[in-house]
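Values below: every heavy atom of this structure, side chains too, minus hydrogens, waters and symmetry copies. Sequence lines set the chain letters: A, B, ... in the order given, protein chains first and strands last, and positions in each chain run from 1.
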Number of protein chains: 2
Amino acid sequence: MNVLRQNTDYALRLLVNLADRFNGKPAATNQLAQAEDISPQFAAKILQKLQKAHLVASVMGPQGGFVLARRPAKINLLQAIQAVQGMVAFNRCSPGAEGCRRKKYCPIAPVVDRMQNQINDSLASITLQDLLDNAPTKGADVKKNKSGNKTFEAE
Amino acid sequence: MNVLRQNTDYALRLLVNLADRFNGKPAATNQLAQAEDISPQFAAKILQKLQKAHLVASVMGPQGGFVLARRPAKINLLQAIQAVQGMVAFNRCSPGAEGCRRKKYCPIAPVVDRMQNQINDSLASITLQDLLDNAPTKGADVKKNKSGNKTFEAE
DNA sequence: CATAGTAGGATTATTTTAGTCCTACTCATA
DNA sequence: TATGAGTAGGACTAAAATAATCCTACTATG
């Protein structure tokens, strides 16, 4: 099984797309959905969750759409993931001492906590800016269309 | 959502229990199930998976049951988890280059790979022996019954 | 060789996740 | 300020993954 839900995968792509347009005009849901191969309705739903978490901001009315709420360097993966699928818990008993009444005797609890912290730290250390910088799309295999958005060549 | 399935949580507890009895007589499924608060049938199923992965060995007939297949220090968490729930994939595209045709252009692929490696390394570095050593059950709050197995006091 | 007891596959039920549909709201333009 | 193109957001449905149970076949001790 996967740690990231499909939801979250989509959300990350949407966020990177928005990060790439940072300081530009709002991007319409349909535009984003098409660029990332997501059903428009579903994209809308995901964007709503991101908005609730204050990672993106919506602009209503004609010419409206979504913009990133702040600089790409100020949004990290942990925040993005939590916005869409909630906490990434290593085990049921992860978040705190709660959840399992056997916790204080549990032989795996210490390890679970350690793994949990590692995961959180790793995710929090990666920002959207890092994703932009490391993206393999920088070089060849990619061309820009007239509106400046990236498109992918068919394989 | 949790990284570990409930299955896996049970499996780890069963393994630790068996590790604690290492070199002793085989433990019957019912005995293990009761000690770890798992339905006997379900415990049996999990133990079967562990056997398939050669982490435990079964002894049939009366006085039969399960024993750990090798020293607790020789079984790590990654093996245990994979035996029960398969690969812990960070994202759909995690394991290799397969799964996503957009991989080579994907802005999040590098990060996904990095996270995947971190998770695998961490899990592989923890053995059943480590769990036994770190278990908070060593001290008080635990008493032994006549057969030498640990029991938990009611809270 | 009979039987207590275990292994292991097949099947069903439950929960979680993915995805769609519909209604209400917002605001640039005429 | 009335209009309508376009978005927000909740309610609902469908599909998939997971949890759990049931049943049959096998093993080896007494």
Restricting both atoms to N or O, compile the protein contacts to nucleotides 19-26 of chain D shorter than 3.5 Å, with distance only.
from, atom 1, to, atom 2, distance (Å)
D:dA19, OP1, B:Gln6, N, 2.7
D:dA19, OP2, B:Asn7, ND2, 3.3
D:dA20, N6, B:Lys45, NZ, 2.6
D:dT21, OP2, B:Ser39, OG, 3.0
D:dC23, N4, B:Gln41, OE1, 3.4

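Set against C:dT6, C:dG8, C:dA7, the side chain of B:Asn30 has C:dT6 as its closest nucleotide.
One can place CD of B:Gln63 at 14 Å from C1' of C:dT3, the figure rounded to the nearest angstrom. Going from atom NZ of B:Lys25 over to atom C1' of D:dT29 covers 12 Å, rounded to whole Å. Spacing between atom CG of B:Leu47 and atom C1' of C:dT6 amounts to 11 Å, rounded to whole angstrom units. Between A:Leu32 atom CG and D:dT7 atom P there is a gap of 10 Å when expressed in whole angstrom units. Rounded to an integer number of Å, the gap from CD1 of A:Ile46 to P of D:dG9 is 15 Å. Atom CZ in A:Phe66 sits about 14 Å away from atom P in C:dT26, given to the nearest Å. Atom-to-atom, CG of B:Leu50 to P of C:dA7 comes out at 12 Å; the value is rounded to the nearest Å. The distance between atom NZ of B:Lys49 and atom C1' of C:dG9, rounded to the nearest whole Å, is 12 Å.
Residues satisfying the side chain to side chain contact (heavy atoms under 4.5 Å, CB included) criterion with B:Ala73, sequence neighbours excluded, are B:Arg71, B:Gln129. Among residues two or more places apart in sequence or in another chain, the side chain to side chain contact (heavy atoms under 4.5 Å, CB included) test is passed with B:Asn120 by B:Leu78, B:Met87, B:Gln116. In terms of the salt bridge (charged side-chain N to carboxylate O under 4.0 Å, His left out) criterion, A:Asp130 has no residue partners (sequence neighbours excluded).
Sorted by first then second residue, the side chain to side chain donor-acceptor pair (under 3.5 Å) pairs that include residues 73-83 of chain A, not counting sequence neighbours, number zero.
Residue-level contact check: A:Ala44 touches neither bases nor backbone, having no heavy atom under 4.0 Å from any strand. As judged by a 4.0 angstrom heavy-atom cut-off over every strand, B:Gln85 is placed among residues making no nucleic acid contact. Residue contacts for A:Lys52: at a heavy-atom cut-off of 4.0 Å it reaches the sugar-phosphate backbone alone, with no base atom in range.
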Considering only distance and modelled atom types, tabulate donor-acceptor pairs under 3.5 Å from the side chains of residues 40-65 of chain A, sequence neighbours left out.
from, atom 1, to, atom 2, distance (Å)
A:Lys49, NZ, A:Val84, O, 3.4
A:Gln51, NE2, A:Ser58, OG, 2.7

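Note on A:Thr29: every side-chain N or O is 4.0 Å or more away from OP1 and OP2 of D:dG6. Between A:Ser58 and D:dT7 there is no side-chain polar atom (N or O) within less than 4.0 angstrom of OP1 or OP2.
Panel note: side chain A:Gln85, backbone A:Thr8; no donor-acceptor pair is recorded below 3.5 Å.
Each of B:Leu32, B:Val67, B:Ile75 was evaluated against B:Leu18; a single residue qualifies, B:Leu32, per the side-chain contact (heavy atoms from CB on, under 4.5 Å) test.
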